[in-house]
Amino acid sequence: MAFVVVRQKGFTVQCVVTVQPDLVSRQMVKFVAGLSRESIIDVQGLVSVPSVPIKGTTQQVEVQVRKLHCISKAMPTLPINIEDAARSEKEIEEALQAGEQLVRVNQDTRLNYRVLDMRTPANQGIFHIQHEVGSLFRKFLQSEGFEEIHTPKLIAGTSEGGSAVFKLDYKGQPACLAQSPQLHKQMAICGDKERVFEVGPVFRAEDSYTHRHLCEFVGLDVEMEIKKHYSEVMDIVDRLFVTMFDHLNEKCKKELDAVRRQYPFEPLKYLRKTLRLRFEEGVQMLKEAGVEVDPYGDLNTESEKKLGQLVLEKYGTEFYILHRYPLAVRPFYTMPCYDDAKYSNSFDVFIRGEEIISGAQRVHVPELLEERAKACGIDVNTITTYIDSFRYGAPPHGGFGVGLERVVMLFCGLNNIRKTSLFPRDPLRLAP
Ligand code: 4AD
């Protein structure tokens with residue numbers, strides 16, 4: 001007799017191979033017993049309820065094997081043991097206390113052998129959820145009249161300013177990898193596209209060794225004409241994300257459970273109508289809680305987390321929009337507030353106290369755009385074609401950018417963005 005546990009997409013079932021005249025030979029049982037873990041097999045058999053319950057699992061069925069073919073043999077020793085890699089921190093502690101010999105799989109090892117690491121139920125869940133987020137983003141926007149565009153990733157100047165840019169040589173001409181589709185998605189609006197979105201790679205050369213920064217991530221970008229007020233852009237954020245969270249909770253129960261089993265987390269608390277808080281109100285809430293912040297500066301990671309807690313206590317939500325940011329901390333293309341130019345028509349969106357989106361109304365007046373670029377220290381010669389796009393008639397418009405990996409990380413309450421990037425790129429990692 002031999003037993004094999006077969007797994008497909010994170011779910012497993014036990015197969016039993018017993019010698020049976022004319023059906024299963026002794027040789028066959030021997031062959032199965034010698035198969036290496038993680039090999040790919042094809043099995044044909046009868047699904048049955050075992051006479052004795054299967055030890056250590058809640059599974060109620062097993063497969064009585066009739067035929068078994070090995071399609072692809074795995075190496076006899078593997079760099080990661082999937083069962084060990086799938087254990088929660090609590091299970092590891094318990095196993096160690098019970099004197100079990102097990103290897104704690106660290107993050108670098110997981111990422112070095114990602115094709116094995118991906119096989120754990122939690123990772124199957126995470127990347128299925130990631131797929132659902134991307135697919136819902138597309139579906140929702142299409143249903144709202146947005147069209148998908150594709151903008152270049154090789155560009156002449158920086159799209160977000162600053163030093164976080166990968167520079168390269170473009171046939172003798174200085175160029176860089178796009179830090180976002182910002183400039184071109186706006187130019188698409190100037191080209192009368194009205195409502196657009198893009199799903200594509202975004203490159204940031206920042207030297208950030210944090211749990212939430214990558215050097216390459218997937219940007220979900222939106223840009224649209226504004227009829228009256230930048231709240232129209234926030235309306236899209238609101239409906240898009242409430243629809244998305246509802247769908248994930250309803251349709252990805254199995255996957256969320258698989259993630260939760262290894263990395264316990266509480267379901268995200270969000271309101272039917274997303275809370276919109278003015279930056280000034282946020283500053284006031286922090287002040288009342290004894291946290292001093294510059295009313296015209298940016299919030300640091302710590303104050304963002306603290307504000308997240310305060311918002312949860314006061315409004316009962318872990319998903320909210322903070323808007324009307326000080327102009328000084330926003331990119332050059334952000335529209336100043338009409339009533340007070342110290343502030344801007346812009347917003348950030350948070351999940352569990354961490355940013356997942358930044359958005360704004362954009363400057364569509366070329367003279368003001370040029371002035372703002374210069375004030376932000378940008379060489380306008382590198383973006384003349386962008387600024388010129390607004391000289392032929394340009395509608396008021398706005399939009400936002402979402403980091404896909406951050407959405408999945410924070411929705412699932414995970415502690416590191418590398419868990420939600422299939423093959424992460426950070427300052428220390430360019431492979432696999
Ligand atoms: O805040 P960011 O830099 O804004 C823009 O790129 C604007 N062009 C968006 C707009 O339309 N106004 O980036 C947008 C989002 C962030 O909120 C965050 O979720 C994610 O992209 N992000 C990163 N994700 C992973 N690693 C990084 N280094 C990230 N930088 C930003």
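Predicted, not measured: the structure shown is a model, and the values here were computed from it. Each ligand, and each atom within it, is numbered from 1 in the order the structure gives. Values below: all heavy atoms of this structure, side chains included; hydrogens, waters and symmetry mates excluded. Numbers here simply count residues along the sequence, with the first being 1.
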Tell me which part of Ser358 gets within contact of ligand 1: side chain, backbone, both or neither, using heavy atoms under 4.0 Å.
both
Parallel, tilted or perpendicular for Phe400 and Phe347, by the 30°/60° rule?
tilted
Counting both backbone and side chain atoms, is some N or O of Gly401 under 3.5 Å from an N or O of ligand 1?
yes
Please indicate whether any nitrogen or oxygen in Glu223 is less than 3.5 Å from any nitrogen or oxygen in ligand 1.
no
Phe217 versus ligand 1: do any nitrogen or oxygen atoms come within less than 3.5 Å of each other?
no
Short N/O distance, under 3.5 Å, between Val222 and ligand 1?
no
For Lys185, take its heavy atoms, then give the atoms of ligand 1 lying under 4.0 Å from any of them.
10 (C), 11 (O)
For Tyr333, atoms of ligand 1 separated by under 4.0 Å from a heavy atom
7 (C), 8 (N)
Shortest protein heavy-atom distance from atom 16 (C) of ligand 1, along with the residue and atom involved
Glu355 OE2, 3.1 Å
Stepwise, does the side-chain hydrogen bond (donor to acceptor under 3.5 Å, both in side chains) test hold for Ser180 with Glu160?
CA-CA 7 Å; Ser180 73; Glu160 297 296 327; 2.5 Å; yes
Give me the nearest non-hydrogen protein atom to atom 5 (C) of ligand 1 as residue plus atom name, then the distance to 0.1 Å.
Glu160 OE2, 3.7 Å
By number and element, which atoms of ligand 1 are closer than 4.0 Å to a non-hydrogen atom of Ser180?
6 (O), 8 (N)
Ligand-side contact atoms (ligand 1) for residue partner Ile417, heavy atom cut-off under 4.0 Å:
25 (C)
Start with the C-alpha gap between Asn112 and Arg429, add the side-chain angles, then the distance that decides, and say whether side-chain hydrogen bond (donor to acceptor under 3.5 Å, both in side chains) holds.
CA-CA 9 Å; Asn112 288 340; Arg429 183 173 286 279; 3.0 Å; yes
Within 45° of the ring axis of Tyr263 and under 6.0 Å from its six-membered ring centre, is that where the NZ or CZ of Lys419 lies?
yes
Just need the protein heavy atom nearest to atom 28 (N) of ligand 1, so name the residue and atom and give the distance.
Glu206 OE2, 2.7 Å
Any idea which atoms of ligand 1 are less than 4.0 Å away from a heavy-atom of Gly403?
15 (C), 19 (O), 20 (C), 21 (O)
Considering only protein heavy atoms, which is closest to atom 19 (O) of ligand 1, and at what distance to one decimal place?
Ile356 O, 2.8 Å
With a sphere of 6.0 Å drawn around CD of Glu266, does it hold more than 12 non-hydrogen atoms of other residues, nucleotides or ligands?
no
Protein heavy-atom partner closest to atom 18 (C) of ligand 1 - residue, atom, separation in Å:
Arg406 NH1, 3.6 Å
Using the ring centroid of each side chain, check whether Phe319 and Phe241 are separated by less than 6.0 Å.
yes
Leu214 N/O under 3.5 Å from ligand 1 N/O:
yes
dist Arg406:CZ -> Arg212:CZ (nearest 0.5 Å) comes out at 5.0 Å
So, regarding Val402 and ligand 1 (criterion: nitrogen or oxygen to nitrogen or oxygen, under 3.5 Å), is there a contact or not?
no
For Arg212, counting its heavy atoms only, list the atoms of ligand 1 lying under 4.0 Å from any of them.
25 (C), 26 (N)
Between Arg362 and ligand 1, is there a nitrogen or oxygen pair with a distance under 3.5 Å?
yes
Criterion side chain to side chain contact (heavy atoms under 4.5 Å, CB included) on His364 and Met335, from CA distance to verdict
CA-CA 8 Å; His364 63 281; Met335 183 64 98; 3.7 Å; yes
Can you tell me which portion of Arg204 lies within the under-4.0 Å heavy-atom range of ligand 1? Options are side chain, backbone, both, or neither.
side chain
Just heavy atoms, cut-off under 4.0 Å: does Val407 contact ligand 1 by side chain, backbone, both, or neither?
neither
Sorted by first residue and then second, give each ring-ring contact (aromatic ring centres under 6.0 Å, His included) pair with at least one member in residues 267-310; sequence neighbours left out.
Phe245-Tyr270, Phe279-Tyr325, Tyr296-Tyr343
Just to verify, what does Gln284 make a side-chain hydrogen bond (donor to acceptor under 3.5 Å, both in side chains) with, not counting sequence neighbours?
Glu288
Under 4.0 Å from any heavy atom of Gly359, which atoms of ligand 1 are there?
12 (N)
Going through the checks in order, is the side-chain hydrogen bond (donor to acceptor under 3.5 Å, both in side chains) test met by Glu198 and Thr151?
CA-CA 8 Å; Glu198 177 163 1; Thr151 64; 2.7 Å; yes
Whether over 12 other heavy atoms sit under 6.0 Å from Arg7 CZ
yes
Test log, rule side chain to side chain contact (heavy atoms under 4.5 Å, CB included), inputs Ile40 and Cys70
CA-CA 6 Å; Ile40 311 286; Cys70 179; over 6 Å; no
Between Lys185 and Phe197, is NZ or CZ placed under 6.0 angstrom from the six-membered ring centre and within 45° of the ring axis?
no
Quick note on ligand 1: atoms under 4.0 Å from a heavy atom of Ile357 include exactly 17 (O)
